[in-house]
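First the structure, in the form of structure tokens, and then the observations on it.
Here, residue 1 is the first one in the sequence, and each next residue gets the next number. Both counts, for ligands and for their atoms, begin at 1 and track the order of listing.
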Amino acid sequence: MTALQFDLLATDPDSHARRGTLTLNHGVVQTPIFMPVGTYGTVKGVMPRSLEEMGAQIILGNTFHLWMRPGLDVMGAFGGLHAFEQWNRPILTDSGGFQVWSLGAMRKISEEGVKFASPVNGDKLLLTPEVSMQIQTVLNSDIVMQFDECTPYETQGRITTEAEARRSMELSLRWAKRCQAEFARLQNPNALFGIVQGGMFEHLREESLAALVEMDFPGYAVGGVSVGEPKEDMRRITAHTPHRLPAHKPRYLMGVGTPEDLVEGVAQGVDMFDCVMPTRNARNGTIFTRYGDLKLRNARHRNDPQPLDPSCTCHACAGTAGVPWADGGRGGFSRAYLHHLDRCGEMLGPMLATIHNLHYYLNLMREIREALDAGRFGEFRRQFASDRARGV
Ligand SMILES: CC1(C)O[C@H]2[C@@H](O1)[C@@]1(COC(C)(C)O1)O[C@@H]2CNc1nc2cc3nc(N)[nH]c(=O)c3cc2[nH]1
Ligand SMILES: [Zn+2]
């Protein structure tokens with residue numbers, strides 16, 4: 001069984017967009033795809049069965065957090081993350097470096113790896129390319145991300161220089177080689193992805209990309225974006241790097257993004273996305289809809305009988321029958337009710353909002369795949385932008 005098989009089904013003549021299938025050890029994924037984030041072994045507030053019903057095909061887990069808690073002994077006893085969290089479809093795990101950095105934990109980076117204090121119990125720990133591979137082997141994730149340094153956009157208000165971005169990118173390349181060696185030594189049966197770094201410098205991105213392609217990974221990610229950089233920088237790197245990656249291998253843009261970022265990313269040749277936005281925003285009352293974003297806490301929703309999105313077929317908007325309000329369905333929950341739950345701090349509020357936001361993201365990717373299958377991605381892109389500009 002090969003760890004990964006990527007088949008291109010269609011490409012858009014007017015952009016870098018493409019339609020594919022990704023066959024992994026735990027199943028087949030239709031691309032382009034959005035991957036819900038399940039950092040601690042759960043997509044916050046959503047049952048695995050609900051994730052399947054809304055069309056989630058692959059979810060994310062995280063090396064760093066699961067290593068801290070529950071720890072490798074527990075994960076090993078379950079044979080990995082799938083049995084532990086009762087998710088039988090593919091899982092992608094990030095390698096831990098970004099999470100140490102994003103925690104802002106006191107950390108020391110050296111050639112060997114990253115030294116830091118555990119945020120759980122203060123233990124002094126060292127995360128290296130080899131340890132990251134060992135943890136991800138125990139987790140048995142279908143896609144393993146290389147251990148890298150996510151080059152920051154800025155540090156204490158000072159923008160990363162070209163020389164600093166080069167040093168960081170070159171360290172990640174040396175760590176990529178070490179990951180490949182350890183992954184092979186462990187005889188991990190899954191797929192290891194390389195991660196392109198290079199900061200906001202196109203020529204460094206090309207150097208990183210060329211070196212990683214030389215190492216012949218089965219798939220690649222573009223890292224070092226969605227790290228607080230200005231939107232135009234993210235758009236510039238997203239327009240530059242993904243389509244330069246090998247066309248016959250999957251391309252993953254890490255940590256991105258808004259619905260607009262996903263449509264733009266697909267147009268630039270990206271196959272896979274993950275982002276905390278649909279789940280995190282749901283918990284703070286920002287709802288994604290076909291016609292723009294909705295702020296649930298706004299008093300105007302206090303007695304609004306409509307669902308979050310009248311065109312939506314999710315359980316929150318259309319109930320188990322799944323008939324949208326716009327087609328006469330009345331089985332869902334109203335904006336008034338969600339507004340009420342939010343004001344009372346009731347846990348059902350974030351749960352329903354999360355179901356809706358994840359369904360919105362997964363449904364958006366389904367509509368993109370259908371448009372690519374039908375050869376009308378350009379028309380879809382224009383309609384999407386005009387609908388979203390209409391406002392709720
Ligand atoms: C820290 C936390 C939870 O991770 C999310 C989220 O906040 C937040 C904060 O603002 C938004 C944009 C909404 O997403 O930024 C994170 C999403 N951006 C992102 N994730 C990444 C993961 C990465 N992993 C590796 N191994 N290497 C990378 O270069 C890398 C780059 C990344 N960029
Ligand atoms: Zn909905």
How far is [atom] from its nearest protein heavy atom, and which residue and atom is that?
atom: atom 29 (O) of ligand 1; answer: Gly224 N, 2.8 Å
atom: atom 15 (O) of ligand 1; answer: Ser226 O, 3.6 Å
atom: atom 3 (C) of ligand 1; answer: Arg280 NH2, 3.2 Å
atom: atom 16 (C) of ligand 1; answer: Phe98 CZ, 3.8 Å
atom: atom 24 (N) of ligand 1; answer: Asp94 OD2, 2.7 Å
atom: atom 1 (C) of ligand 1; answer: Ser102 CB, 3.6 Å
atom: atom 33 (N) of ligand 1; answer: Val225 O, 2.9 Å
atom: atom 8 (C) of ligand 1; answer: Val276 CG2, 4.4 Å

Met254 touching ligand 1 at heavy-atom level, < 4.0 angstrom: yes
Could you tell me whether [X] atom [atom1] has more than 12 heavy atoms of other residues or ligands within 6.0 Å of it?
X: Met47; atom1: CE; result: no
X: Arg174; atom1: CZ; result: yes
X: Glu232; atom1: CD; result: yes
X: Arg300; atom1: CZ; result: yes
X: Arg330; atom1: CZ; result: yes
X: Arg302; atom1: CZ; result: no

Can you name the atoms of ligand 1, numbered from 1 with element, that are less than 4.0 Å from a heavy atom of [X]?
X: Asp148; result: 25 (C), 26 (N), 27 (N), 28 (C), 29 (O)
X: Gly223; result: 28 (C), 29 (O)
X: Ser95; result: 26 (N)
X: Cys150; result: 28 (C), 29 (O), 31 (C)
X: Ile195; result: 26 (N)

Metal site the Zn ion (ligand 2): N/O/S of His315 inside 2.8 Å: no
Nearest atoms (heavy-atom pairs only) where Gln146 meets Ser172: NE2-O, 3.2 Å
Degrees at the Zn ion (ligand 2) between the SG atom of Cys312 and the SG atom of Cys317, nearest 10°: 110°
His356 atom (N/O/S) at minimal separation from the Zn ion (ligand 2): ND1
Cluster link Ile355 to Leu294, ILVMFWY, side chain under 4.5 Å: no
Stacked cation flag Arg390 on Tyr291, 6.0 angstrom / 45 deg: yes
Gln197, portion touching ligand 1 at heavy-atom distance under 4.0 Å: side chain
Close aromatic pair by centroid cut-off 6.0 Å: Phe34 and Tyr361: yes
Check: Phe64 ring centroid to Phe116 ring centroid under 6.0 Å: yes
Per atom 17 (C) of ligand 1, closest listed option by heavy atom (Ser132, Ala221, Pro152, Gly255): Gly255
N-O pairing of Glu182 and Arg178 below 4.0 Å: no
